[in-house]
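Every heavy atom of this structure was used, including side-chain atoms; hydrogens, water molecules and symmetry mates were not. Numbers restart at 1 for each chain; the letters A, B, ... are given by sequence-line order, proteins then strands.
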There are 2 protein chains.
Amino acid sequence: MKPNFEQLKQALKQRKIHLSIHRLKVLAYLSEVVGHPTVDEIYLALLKELPSLSKTTVYNTLQLLKDAGLVRVVNIDENEARYDLVTSVHGHFMCVHCQLIEDFPLPIGILDFHLSSDHLVTEKKVYFKGICKSCQASMNNTNKEDIE
Amino acid sequence: MKPNFEQLKQALKQRKIHLSIHRLKVLAYLSEVVGHPTVDEIYLALLKELPSLSKTTVYNTLQLLKDAGLVRVVNIDENEARYDLVTSVHGHFMCVHCQLIEDFPLPIGILDFHLSSDHLVTEKKVYFKGICKSCQASMNNTNKEDIE
DNA sequence: GTTCCTGCAAAAGCTTTGCAGAAGA
DNA sequence: TCTTCTGCAAAGCTTTTGCAGGAAC
């Protein structure tokens with residue numbers, strides 16, 4: 001589902017974006033990690049390899065990659081932005097209990113309807129929320145009222 | 001499409017929530033206004049009628065109405081939350097140029113597919129972004145490159 | 001009188017901006 | 001050398017929290 005890292009490097013080159021170590025690492029991280037990390041998660045993960053890294057650079061880089069069309073913001077979380085490599089169309093599921101965010105495939109053609117209002121649509125997103133399977137299981141083992 | 005104000009009052013009573021003037025005004029505003037206002041918009045609009053109103057109260061009230069299941073957060077805007085009365089299922093379109101947010105009906109049954117992952121889904125949202133008709137028109141009249 | 005509601009002020013958290021120094025071409 | 005990138009610090013915004021005074025029952 002994720003594009004591989006080499007493809008991403010090529011995409012950066014095509015757009016004439018300098019392939020700095022920070023940018024490559026952010027892209028590499030996004031292409032490896034499961035789920036959709038927050039800025040903080042990206043920052044903390046890369047700090048091990050790039051001890052001098054600043055959060056500003058992570059923000060700058062994500063903005064750059066977003067403008068270049070390589071990453072997208074996932075707005076399912078109300079508190080902070082999450083980032084996603086641009087890939088095939090898929091939905092996002094977020095567990096309100098453990099914050100897990102998972103992709104799921106959308107039925108083919110599901111969003112291929114037209115608005116009667118003649119607006120030009122450039123971006124389509126589907127967000128589901130609920131309780132993931134493993135949180136449901138742990139609730140059954142303890143207290144079912146513990147959802148909130 | 002919007003439930004009327006009396007229905008909302010009844011819903012509050014049913015949930016044993018005190019019908020304070022502030023809460024009623026927030027609900028009334030949400031049931032009248034076109035689009036999905038931000039906290040600030042709600043605050044400024046009600047300030048005329050309730051000069052002592054504080055933003056904290058608007059936040060408190062929206063949280064309360066959200067917990068009561070009467071309003072929902074619309075996360076289409078990356079900068080701030082927007083609020084929506086809970087009504088029939090519909091999608092949201094946001095113009096990235098003028099910030100207009102408009103509801104659109106979803107084809108019947110479009111979201112009635114099941115996730116293979118067995119997560120419990122309690123909330124489903126569809127967000128579209130793009131350029132609205134009138135912004136397209138004004139762009140054609142001036143400079144087509146002016147999209148960003 | 002007790003509970004709940006409101007609103008000011010302050011704090012918290014995410015994100016952006018300004019600027020100076022470092023790195024790269 | 002000149003441009004671009006990085007990172008610290010500070011500022012900007014939205015949202016939350018603490019607490020005291022006020023309203024409602």
- Considering only heavy atoms and no angle criterion, is a donor-acceptor pair shorter than 3.5 Å present between the side chain of B:T57 and the base of C:dC5? no
- Mark yes when over 12 heavy atoms from residues, nucleotides or ligands other than A:K25 sit less than 6.0 Å from its NZ; otherwise mark no. no
- Query: Can you tell me how far P of D:dC13 sits from NZ of B:K55, to the nearest Å?
  - Reply: 11 Å
- Query: Which part of the nucleic acid does A:N79 contact within heavy-atom distance under 4.0 Å: base, sugar-phosphate only, or nothing?
  - Reply: sugar-phosphate
- Report the nucleotide, chosen from C:dT6, D:dG7, C:dA9, that has the shortest atom-to-atom distance to any side-chain atom of B:R23. C:dT6
- Query: Side chain of A:S54: nearest nucleotide among D:dT14, D:dC8, D:dT16?
  - Reply: D:dC8
- Task: Ignoring backbone atoms, establish whether A:S52 has a side-chain N or O less than 4.0 Å from OP1 or OP2 of D:dG7.
- Result: yes
- Item | Which nucleotide in C:dG24, D:dA24, D:dA9 has an atom nearest any side-chain atom of A:H18 | C:dG24
- Starting at CG of B:L62 and ending at P of D:dT15, how long is that distance when rounded to a whole Å? 10 Å
- Is any side-chain nitrogen or oxygen of A:H22 closer than 4.0 Å to OP1 or OP2 of C:dA23? no
- Message: Both A:S20 and B:Y59 contact DNA chain D. Which one's nearest nucleotide lies toward the 5' end?
- Response: A:S20
- Round to the nearest Å and state the distance from B:I21 atom CD1 to C:dG7 atom P. 11 Å
- Please check if the side chain of B:Q136 supplies one atom and the backbone of B:I131 the other of a donor-acceptor pair under 3.5 Å. yes
- Query: Tell me: CD of A:E80 to P of C:dT15, nearest whole Å?
  - Reply: 6 Å
- Nearest to the side chain of A:L53 - C:dT16, D:dG7, C:dC8? D:dG7
- Message: Students often mix this up, so state it plainly: with edges at 30° and 60°, are the rings of B:H36 and B:H90 parallel, tilted or perpendicular?
- Response: parallel
- Under 3.5 Å: donor-acceptor pair, side chain of A:E41, backbone of A:T38: yes
- What is the distance, rounded to the nearest whole Å, between atom CG of B:N60 and atom P of D:dG22? 19 Å
- Task: Calculate the interatomic distance between A:L50 atom CG and C:dA23 atom P; express it in whole Å.
- Result: 14 Å
- Task: Grab the CG-P distance between B:L47 and C:dC8 for me, whole Å please.
- Result: 10 Å
- Query: How long is the line joining OH of B:Y43 and P of C:dG7, in whole Å?
  - Reply: 9 Å
- Query: Is the backbone N or O of A:L30 less than 3.5 Å from a side-chain atom of A:Y83, with the two atoms forming a donor-acceptor pair by type?
  - Reply: no
